There are 2 protein chains.
Amino acid sequence: MKLEVNDIINSLVEHNELRITDQRKKILEILIENKDKHISVEEIYSLSKQKDNTIPIPTIYRAMDILEKTGVIIKNDFGDGFAKYEFFMKEKETHHHLICRKCGKIIEITGLLPEDLYNRLLQEKGFQYEAQSLKIYGYCKECINKLRKPYSR
Amino acid sequence: MKLEVNDIINSLVEHNELRITDQRKKILEILIENKDKHISVEEIYSLSKQKDNTIPIPTIYRAMDILEKTGVIIKNDFGDGFAKYEFFMKEKETHHHLICRKCGKIIEITGLLPEDLYNRLLQEKGFQYEAQSLKIYGYCKECINKLRKPYSR
DNA sequence: ATACCTGCAAATGCTTTGCGGATGG
DNA sequence: CCATCCGCAAAGCATTTGCAGGTAT
């Protein structure tokens with residue numbers, strides 16, 4: 001764990017002009033400890049508070065911007081008002097997200113898209129999509145039965 | 001045009017307990033005039049100002065909430081900070097959205113998903129997705145050549 | 001009559017910014 | 001040494017809400 005943080009940090013320093021500070025190290029630790037989740041700035045803030053020292057919200061935002069630009073994390077906006085971040089693991093299979101409109105639950109899925117979709121979109125539309133950037137909204141198992149559908153033409 | 005607005009209004013009144021006001025009529029007109037676009041509250045506000053009377057922003061938001069709940073419009077969050085609305089046309093083929101991360105352009109696509117995906121997700125994940133709710137982020141033709149990709153592990 | 005709607009101002013809540021002081025390389 | 005970063009307070013900005021008066025049905 002500690003090692004992985006340092007690996008990333010060394011790589012960052014090597015390839016970029018950014019500096020390594022205690023705050024950024026701690027943020028990276030928290031991100032790695034939660035690498036299977038989608039975590040918000042608020043949650044990172046709380047977790048830093050539970051550890052020794054608290055990292056102020058603006059500092060976290062600034063760190064997230066840099067980590068995103070350098071490809072260490074992926075920023076997601078699932079429409080619930082909080083940006084969500086996930087640690088990027090190149091080893092992990094490309095996945096996409098199902099988002100429940102009611103409870104906000106995120107379900108990860110793989111193998112959803114046709115194999116040739118990337119090339120098809122590139123050729124037909126000139127559009128080059130990002131891995132993991134696909135989102136589908138709807139309702140999860142638990143929420144399906146709690147719905148009302150008032151009016152439709 | 002006028003007719004279509006009135007049809008919708010009559011249908012709304014019939015099936016719901018909501019009231020038809022001049023403001024809501026005007027908003028519906030604007031939505032229909034822009035039925036091929038994705039339009040923001042701010043744009044609706046500007047367009048109402050160009051017509052005879054100006055509809056205040058909070059009134060527009062409240063109308064949009066109701067129109068969305070009743071299925072007349074679809075609300076979209078493309079991640080640029082503004083909710084975007086499109087008039088729902090049942091005649092139109094189900095479409096999805098490609099969103100350019102750089103310029104914000106929206107490209108509509110159809111026939112993207114495998115036919116059986118809806119049932120597969122329902123059975124495998126218990127997830128019931130909304131038609132038209134799929135989004136893929138990436139870069140459009142025009143923006144692809146203006147990019148930099150700094151660091152990747 | 002009365003439940004619903006409007007319009008103004010003010011509040012919300014996530015995110016960003018300005019700036020003086022601190023610090024990594 | 002000095003460019004970058006931190007931390008605090010304050011600002012930004014889309015969206016929401018309270019409330020008093022208005023309107024549709």
Side-chain angles (χ1 to χ4, degrees), chain A residues 5-6 9-28 38-46 48-49 51-70 72-73 75-85 104 150-151, chain B residues 5-6 8-28 30 38-46 48-49 51-70 72-73 75-85 104 150-151:
Chain A
V5 171
N6 284 331
I9 282 171
N10 290 336
S11 188
L12 280 172
V13 172
E14 233 173 272
H15 296 283
N16 296 275
E17 63 293 344
L18 56 86
R19 290 178 182 172
I20 297 312
T21 64
D22 290 346
Q23 292 86 339
R24 288 176 182 183
K25 264 187 209 161
K26 179 159 318 229
I27 289 171
L28 271 175
H38 299 89
I39 189 173
S40 69
V41 164
E42 188 63 35
E43 287 167 325
I44 293 172
Y45 176 71
S46 300
S48 80
K49 204 184 287 186
K51 300 191 174 222
D52 32 10
N53 69 6
T54 302
I55 306 173
I57 299 271
T59 300
I60 299 175
Y61 275 109
R62 285 189 268 230
M64 302 314 268
D65 283 349
I66 286 177
L67 293 176
E68 193 206 351
K69 284 207 188 84
T70 53
V72 177
I73 59 176
K75 181 179 184 177
N76 272 298
D77 172 11
F78 294 129
D80 61 353
F82 303 83
K84 297 284 174 58
Y85 299 88
Y151 158 77
Chain B
V5 172
N6 284 332
I8 293 167
I9 282 171
N10 289 336
S11 191
L12 279 172
V13 172
E14 234 173 273
H15 297 283
N16 296 274
E17 64 292 348
L18 57 84
R19 290 178 181 173
I20 296 313
T21 63
D22 289 347
Q23 292 88 337
R24 290 177 179 181
K25 263 186 209 163
K26 180 161 317 227
I27 289 170
L28 271 175
I30 290 172
H38 298 90
I39 189 173
S40 69
V41 164
E42 187 63 36
E43 287 167 327
I44 293 172
Y45 176 71
S46 299
S48 80
K49 205 185 288 188
K51 300 191 172 221
D52 31 12
N53 69 4
T54 301
I55 305 173
I57 299 271
T59 299
I60 299 175
Y61 275 108
R62 285 190 268 229
M64 301 316 266
D65 283 349
I66 285 178
L67 293 175
E68 192 206 352
K69 285 206 187 84
T70 52
V72 176
I73 60 177
K75 181 179 184 175
N76 272 298
D77 173 11
F78 294 129
D80 61 352
F82 303 83
K84 299 283 175 57
Y85 299 88
Y151 158 76

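The figures here come from the full heavy-atom set of this structure, side chains too, leaving out hydrogens, waters and symmetry mates. A note on names: the letters A, B, ... follow the listed sequences, proteins ahead of strands, and every chain is numbered from 1. From a predicted model like this one, the values you see are computed outputs, not experimental measurements.
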Between [atom1] on residue [X] and [atom2] on residue [Y], distance to nearest 0.5 Å:
X: B:Lys84; Y: B:Glu43; atom1: NZ; atom2: CD; value: 6.5 Å
X: A:Ile39; Y: A:Ile73; atom1: CD1; atom2: CD1; value: 10.0 Å
X: A:Ile55; Y: A:Ile27; atom1: CD1; atom2: CD1; value: 4.5 Å
X: A:Asp77; Y: B:Asp77; atom1: CG; atom2: CG; value: 5.0 Å

Review point. Taking only residues two or more places apart in sequence, or in another chain, which ones meet B:Phe82 in a ring-ring contact (aromatic ring centres under 6.0 Å, His included)?
Key: none

Non-hydrogen side-chain atoms of [X] and [Y] separated by less than 4.5 Å:
X: A:Ile60; Y: A:Met64; result: yes
X: A:Leu67; Y: A:Arg24; result: no
X: B:Asn53; Y: B:Asp22; result: no

**Study point:** Closest-nucleotide ordering on DNA chain D, the 5'-leading residue of B:Phe82 and A:Ile55
**Key:** A:Ile55

Practice item. If a protein heavy atom is under 4.0 Å from the base, mark B; if only from the sugar-phosphate, S; if neither, -; do that for nucleotides 16-25 of chain D going 5' to 3'. Key: BBB----BBS

Practice item. Determine the contact category for B:Gln23: base if any of its heavy atoms lies under 4.0 Å from a base atom, sugar-phosphate if only primed atoms, P, OP1 or OP2 are that close, otherwise nothing. Key: sugar-phosphate

Length of the [atom1]-[atom2] vector between [X] and [N], whole Å:
X: B:Glu42; N: D:dT15; atom1: CD; atom2: P; answer: 9 Å
X: A:Ile27; N: D:dG7; atom1: CD1; atom2: C1'; answer: 13 Å
X: B:Asp77; N: D:dT15; atom1: CG; atom2: C1'; answer: 12 Å
X: B:Tyr45; N: D:dT15; atom1: OH; atom2: P; answer: 15 Å

Study note, to complete from the structure: The side chain to side chain contact (heavy atoms under 4.5 Å, CB included) partners of A:Lys51 (sequence neighbours excluded) come to A:Lys26, A:Glu29, A:Ile30, A:Glu33

Exercise for review: With sequence neighbours excluded, tell me which residues meet side chain to side chain contact (heavy atoms under 4.5 Å, CB included) with B:Lys49.
Suggested key: B:Tyr45, B:Thr54

Study note, to complete from the structure: For B:Ile57 and B:Glu42 the tightest heavy-atom approach is CD1-OE1, 3.9 Å

Study note, to complete from the structure: At a 4.0 Å cut-off to heavy atoms of chain A, the contacted part of DNA chain C spans C:dC14 to C:dG25

Review point. Between the two ends of the helix from C:dA1-D:dT25 to C:dG25-D:dC1, what is the bend in degrees, rounded to 10 degrees, where each end axis spans five pairs?
Key: 40°

